[in-house]
Amino acid sequence: MARFHPLPVTAVDRLTDDSVALTLAVPPGLREEYRHAPGQHLTLRRVADGVEIRRTYSICSPAPAPGADGPRTLRVGVRLVDGGAFSTYALKEINVGDELEVMTPAGRFTLEPAPGLYAAVVGGSGITPVLSIASTLLAREPGARFCLIRSDRTTASTMFLEEVADLKDRYPERLQVVTVLSREEQQAGLPSGRLDQGRLTQLLPALLPVGEVAGWFLCGPYGLVGQAERALRSLGVTKARIHQEIFHVDGGTASGPASTAPANSTVTVRLDGRGGTWPVRDGETLLETVLRNRPDAPYACKGGVCGTCRAFLVAGEVRMDRNFALEPEETEAGYVLACQSHPRTETVELDFDR
Ligand code: FES
């Protein structure tokens with residue numbers, strides 16, 4: 001069950017003009033709770049002027065090995081979003097010694113280290129979870145190789161330049177890094193311009209044996225992740241080998257037809273071992289219904305992107321407005337995003353504990 005704990009900030013490192021890395025110390029008694037897989041994220045919570053804000057930020061530090069102690073520190077990357085309430089606070093106000101409310105790690109954009117070739121296509125702050133994935137993999141698996149294809153606007157706007165360079169120095173034979181800058185000329189031979197499906201379809205086979213890659217990790221803005229996925233599919237890569245995490249979605253693209261919920265619909269919920277049944281008000285999402293009665297229900301983005309509100313649909317039917325978080329196997333298995341779900345049947349039953 002996801003829980004929040006206050007963790008002290010032990011470092012604030014400026015990465016670029018518009019991004020920082022925050023390091024948080026984990027006290028010994030909480031280290032097991034904050035044990036994470038490479039690629040997972042943390043949700044940070046802040047109450048300002050009586051309004052609670054939550055945002056998810058990926059962990060960039062390596063994951064602890066199974067059997068080793070849980071992490072002593074956690075490091076996350078935060079990039080300023082225009083008008084972003086939490087990121088503005090993170091960049092301008094958070095100092096060493098402050099305490100942040102931090103949810104235990106979550107997320108399924110993860111890698112179980114194993115020998116083989118892995119690759120990532122990332123844009124902007126999408127490097128953050130992939131830094132954890134690549135550093136954990138290379139440290140734990142001498143038989144693993146990683147190819148990182150990253151795109152950004154300019155060198156100055158590129159997050160974790162030093163960390164990626166250090167990783168390359170440590171594993172020169174096993175880590176390949178290709179950087180594509182959209183607004184800066186590079187040395188001869190290096191690609192520049194925007195990465196799209198057409199360019200990736202040409203670039204990827206020139207860089208690595210696409211068919212031999214055991215797992216592809218795509219992370220960044222919705223546009224880039226979608227273009228990269230289509231490029232990989234056109235090159236014959238199966239969906240099962242493609243993992244995606246979307247950081248920003250511009251505008252809303254509802255996936256289901258608008259419809260009103262049946263009158264008098266109710267939702268029955270199991271959450272952290274306790275149950276309850278409550279009426280769903282017209283137009284609200286199931287997460288909103290649950291939160292009115294159980295403020296401890298897990299959520300972060302409320303936008304169908306982070307997957308924190310995932311629940312198992314035990315009974316009834318729901319309509320989801322949009323889903324950028326769940327894989328097709330998860331929806332087929334019966335999982336839904338509570339923040340995007342509206343009842344289609346009079347009774348709906350959700351289990352947040354599965
Ligand atoms: S809270 Fe992020 S997907 Fe529902």
Side-chain angles (χ1 to χ4, degrees), residues 1-4 36-37 39-47 51-59 76 78-79 81 84-87 101-110 125-126 128-129 218-222 225-226 243-256 261 267 269-272 280 283-314 318-344 348-354:
M1 178 66 196
R3 278 180 217 293
F4 280 94
H36 61 94
Q40 284 195 304
H41 54 245
L42 300 173
T43 297
L44 308 187
R45 173 169 77 177
R46 177 188 187 217
V47 178
V51 179
E52 183 178 305
I53 310 165
R54 296 182 180 200
R55 294 290 182 274
T56 52
Y57 295 106
S58 291
I59 302 169
V76 294
V78 180
R79 173 162 259 169
V81 174
F86 200 101
S87 60
E101 286 282 316
V102 183
M103 195 193 275
T104 44
R108 291 168 307 286
F109 181 70
T110 58
S125 54
T128 316
L218 315 179
C219 188
Y222 179 60
V225 170
H243 311 273
Q244 311 181 18
E245 180 136 286
I246 290 163
F247 273 12
H248 317 286
V249 181
D250 295 329
T253 48
S255 61
V267 60
V269 162
R270 182 164 187 82
L271 171 64
D272 205 12
V280 182
E284 75 182 358
T285 65
L286 294 180
L287 178 69
E288 288 166 333
T289 312
V290 177
L291 282 173
R292 274 193 289 109
N293 301 281
R294 286 288 299 271
D296 57 328
Y299 75 90
C301 72
K302 288 190 179 172
V305 176
C306 72
T308 310
C309 65
R310 186 181 93 140
F312 184 74
L313 181 63
V314 180
V318 302
R319 168 182 66 80
M320 277 203 279
D321 288 330
R322 58 188 206 169
N323 166 28
F324 298 108
L326 299 179
E327 300 286 344
E329 309 87 74
E330 295 177 282
T331 51
E332 277 156 31
Y335 287 96
V336 298
L337 297 173
C339 77
Q340 299 298 309
S341 293
H342 304 269
R344 293 177 82 164
V348 168
E349 197 175 332
L350 291 183
D351 186 345
F352 285 88
D353 295 345
R354 275 215 220 175

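If you're wondering where the values come from, they're calculated on a predicted model, not measured in any experiment. In listed order, ligands and their atoms are each counted from 1.
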Considering the options R294, E284, H342, which one meets the side-chain hydrogen bond (donor to acceptor under 3.5 Å, both in side chains) requirement together with T289?
E284
Please answer whether the main-chain N or O of A37 pairs with a side-chain N or O of Q40 as donor and acceptor at a distance below 3.5 Å.
yes
Counting N and O atoms only, with roles assigned by atom type, does the side chain of R54 sit under 3.5 Å from a partner on the main chain of Y299, one being a donor and the other an acceptor?
yes
Regarding R3 and D272, does a basic nitrogen lie under 4.0 Å from an acidic carboxylate oxygen?
yes
Which protein N, O or S atoms lie under 2.8 Å from atom 4 (Fe) of ligand 1, given by chain and residue number?
C309 SG, C339 SG
Classify the ring geometry between Y57 and F86 as parallel (under 30°), tilted (30 to 60°) or perpendicular (over 60°).
tilted
Looking at E330 and R310, does any basic side-chain N land under 4.0 Å from a carboxylate oxygen?
yes
